[in-house]
Amino acid sequence: MNPEQWLADYRERLERVAYNAREASASLDQAGASATSPRGEVTVTVNAGGVLGDVTLTPAARKLDVDTLATLIVGTAREAQRLASARMTEIMTDYLGDGDALHQITAHAPEAVR
């Protein structure tokens, strides 16, 4: 292969990698999740990293005692985090394939996702 062809192939590979990275990043930006408690009193939204974004309480939540409400919020947040982690794993699997890089990323995911 001549040097010009090698360089053109190399540039094409770099452009493909950059495009895929942008696509993965855009997908991850949208990979947050929401979960709602079983009876609908609490809805929690998290981003792709599991960081809390929003907590919504319905009027029914006001009728709960403080400890029950706190437990419900934490449990619902954990479910939202699990869902976001599963989505993140799905996106990264599409991008990286199943290999060492993916395993390094998902090593900190909730066990239910791995």
Side-chain angles (χ1 to χ4, degrees):
M1 175 181 305
N2 69 44
E4 291 84 18
Q5 183 61 46
W6 180 88
L7 187 56
D9 290 348
Y10 185 71
R11 283 184 182 148
E12 182 180 324
R13 281 190 310 242
L14 287 177
E15 288 172 7
R16 190 171 38 247
V17 167
Y19 173 80
N20 287 340
R22 285 190 302 273
E23 288 295 308
S25 179
S27 294
L28 287 172
D29 285 345
Q30 304 300 318
S34 292
T36 301
S37 61
R39 292 187 311 238
E41 305 96 334
V42 175
T43 299
V44 176
T45 303
V46 299
N47 69 13
V51 175
L52 185 65
D54 192 32
V55 176
T56 304
L57 304 174
T58 66
R62 293 188 188 127
K63 297 175 185 172
L64 299 173
D65 68 82
V66 174
D67 291 336
T68 300
L69 181 57
T71 299
L72 198 57
I73 291 170
V74 170
T76 305
R78 285 184 179 144
E79 176 62 10
Q81 290 167 333
R82 186 192 67 74
L83 293 170
S85 185
R87 180 69 183 123
M88 189 268 307
T89 298
E90 185 180 301
I91 290 166
M92 294 311 294
T93 299
D94 289 345
Y95 178 66
L96 297 172
D98 187 21
D100 289 339
L102 179 66
H103 295 288
Q104 289 296 320
I105 290 171
T106 60
H108 303 287
E111 231 172 278
V113 177
R114 289 187 233 157

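Numbers here simply count residues along the sequence, with the first being 1.
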Enquirer: Using the rule that two of Ile, Leu, Val, Met, Phe, Trp, Tyr join whenever any of their side-chain heavy atoms come within less than 4.5 Å, decide whether L7 and L14 are in one cluster.
Expert: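 Yes.
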Enquirer: If you compare all heavy atoms of A84 against all heavy atoms of A33, which two are closest, and at what distance to 0.1 Å?
Expert: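 Result for this residue pair: N-CB, 3.5 Å.
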Enquirer: Atom CD in E23, atom CG in D94: separation rounded to 0.5 Å?
Expert: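 E23 CD to D94 CG: 11.5 Å, rounded to 0.5 Å.
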Enquirer: Looking at L57, V42, L69, I73, which one forms a side-chain contact (heavy atoms from CB on, under 4.5 Å) with L64?
Expert: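 That would be L69.
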Enquirer: Using a strict threshold of under 4.0 Å (side-chain N to carboxylate O), is an ion pair present between R16 and E12?
Expert: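 Salt bridge flag = yes for R16 with E12.
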Enquirer: To the nearest 0.5 Å, what is the distance between OG1 (T76) and CZ (R78)?
Expert: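 Rounded to the nearest 0.5 Å, the OG1-CZ separation comes to 10.5 Å.
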Enquirer: Answer yes or no: is there a donor N or O on one side and an acceptor on the other, between the side chain of T89 and the main chain of S85, under 3.5 Å?
Expert: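 Checking the backbone N and O of S85 against the side chain of T89, a donor-acceptor pair under 3.5 Å is found.
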Enquirer: Can you name the nearest heavy-atom pair linking E79 to A35, along with the distance?
Expert: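 Of all heavy-atom pairs spanning E79 and A35, the closest is CG-CB, 3.8 Å.
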Enquirer: Between OH of Y10 and CD of E15, what distance do you get to the nearest 0.5 Å?
Expert: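 So the gap between those two atoms works out to 12.0 Å.
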Enquirer: For a quick test of reading the model, state the closest non-hydrogen atom pair linking L52 to V46 and the distance between them.
Expert: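 Closest approach of L52 to V46, heavy atoms only: CA-CG1, 4.0 Å.
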Enquirer: Minimum heavy-atom separation for L83 and S34, please, with both atom names.
Expert: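 Smallest heavy-atom distance, with atoms named: CD1-O, 3.6 Å.
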Enquirer: Please determine whether the number of non-hydrogen atoms from other residues, nucleotides or ligands lying under 6.0 Å from atom CG of D100 exceeds 12.
Expert: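 No, not enclosed.
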Enquirer: Distance from M88 atom CE to T93 atom OG1, nearest 0.5 Å?
Expert: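 Between atom CE of M88 and atom OG1 of T93 there are 9.0 Å.
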Enquirer: Specify the closest pair of heavy atoms between L72 and E41, including all atoms of both residues, with the distance to one decimal.
Expert: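 Minimum heavy-atom contact is CD2-OE1, 3.5 Å.
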